[in-house]
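What follows is a single structure, written as structure tokens, with notes after it.
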Amino acid sequence: MRLKFKRIGWNYVTPVSGIAGCLVIAFGLFASASHYTRSMAYSPQNHFISELGLATASEYSYVFNICLGIGGVLLMMFTNGLGIYLQKNPLAWYASYIGIGATLSFSAIGYFTADSWTAHRNAALVFFSGAMISIVLFSYCIWQNKQRKMHQV
């Protein structure tokens with residue numbers, strides 16, 4: 001008897017990993033923010049998001065940091081899948097490589113908490129700048145993709 005495995009392609013994995021990554025990160029953010037232990041309740045207007053990863057600021061800081069790591073890997077899969085989907089445009093490969101670097105540094109933000117400020121700041125700098133460049137390049141590739149008409153609603 002021979003087992004038959006269904007082949008799962010990137011067209012399925014890509015959107016699932018993108019949605020799952022965002023949900024995992026959101027869960028970590030809300031779990032840590034709801035157990036914020038400093039004098040005021042956590043507010044994005046009054047606090048840095050990096051404070052949620054500090055053990056001195058939240059009882060669930062470890063949940064936030066773990067969720068950043070897992071979410072970063074899931075978003076890396078999404079970025080890679082989007083690059084494969086748009087593979088006819090060479091800029092999509094650059095966007096994918098830059099996006100993979102950005103998502104890996106996003107995971108590093110959870111590993112290097114704000115306690116080790118220099119490493120945390122450098123990982124955040126690579127993430128924010130890399131994500132911005134990747135989003136601009138992917139947006140341009142989607143806009144240029146006339147065959148699949150992804151740019152039209």
Side-chain angles (χ1 to χ4, degrees), residues 8 10-86 89 91-145 148-153:
I8 298 175
W10 278 106
N11 289 341
Y12 176 75
V13 173
T14 299
V16 171
S17 63
I19 293 168
C22 291
L23 290 175
V24 166
I25 294 165
F27 172 76
L29 188 134
F30 288 121
S32 184
S34 64
H35 290 83
Y36 193 73
T37 56
R38 295 214 170 146
S39 60
M40 305 171 45
Y42 178 80
S43 167
Q45 293 176 336
N46 300 327
H47 302 94
F48 291 111
I49 198 163
S50 296
E51 291 182 52
L52 295 176
L54 293 171
T56 57
S58 176
E59 295 173 2
Y60 281 18
S61 61
Y62 67 94
V63 174
F64 178 73
N65 294 327
I66 290 170
C67 286
L68 286 185
I70 294 169
V73 171
L74 288 168
L75 291 177
M76 179 185 61
M77 293 169 56
F78 170 77
T79 302
N80 186 44
L82 188 56
I84 290 170
Y85 185 75
L86 297 169
N89 192 331
L91 279 179
W93 289 111
Y94 292 117
S96 186
Y97 294 140
I98 294 168
I100 288 170
T103 55
L104 287 175
S105 66
F106 183 77
S107 293
I109 292 170
Y111 182 75
F112 300 112
T113 63
D115 291 329
S116 54
W117 180 247
T118 303
H120 180 79
R121 182 195 64 207
N122 291 341
L125 180 67
V126 170
F127 164 66
F128 284 116
S129 58
M132 180 183 61
I133 293 168
S134 181
I135 289 168
V136 168
L137 290 176
F138 272 135
S139 298
Y140 180 77
C141 292
I142 290 169
W143 180 64
Q144 289 293 312
N145 194 338
R148 293 190 179 169
K149 298 184 180 182
M150 293 174 58
H151 62 289
Q152 297 174 350
V153 178

Distance check, rounded to the nearest 0.5 Å: [X] atom [atom1] versus [Y] atom [atom2]?
X	Y	atom1	atom2	answer
L74	L23	CG	CG	10.0 Å
S50	I109	OG	CD1	7.0 Å
I49	L29	CD1	CG	4.5 Å
L52	T113	CG	OG1	12.0 Å

Is [Y] close to [X] at the side-chain level, that is, under 4.5 Å between some pair of heavy atoms?
X	Y	result
N46	R38	no
W93	L137	no
Y36	E51	yes
S96	I100	yes
Y94	I133	no
M77	T14	no

Intermediate values then yes/no, side chain to side chain contact (heavy atoms under 4.5 Å, CB included), T103 and F78: CA-CA 10 Å; T103 55; F78 170 77; over 6 Å; no
Shortest non-hydrogen contact from A92 toward C141: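 Taking A92 first and C141 second, the nearest heavy atoms are N-SG, 3.4 Å.
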Exercise: identify the closest heavy-atom pair between Y140 and L91: CD2-CD1, 3.6 Å
When the side chains of residues 60-71 are checked against the rest of the protein, which donor-acceptor pairs come out under 3.5 Å, sequence neighbours left out?
unit_1: N65; atom_1: ND2; unit_2: G53; atom_2: O; d: 3.1
unit_1: N65; atom_1: ND2; unit_2: S61; atom_2: O; d: 3.2

Output yes when a side-chain donor or acceptor of [X] lies under 3.5 Å from a complementary backbone atom of [Y], and no otherwise.
X	Y	result
N122	T118	yes
S134	G130	no
S34	F30	yes
H47	S43	yes
T37	A57	yes

Residues that S32 engages under side chain to side chain donor-acceptor pair (under 3.5 Å), provided they are two or more places apart: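 Partners of S32 under the side chain to side chain donor-acceptor pair (under 3.5 Å) test: S58.
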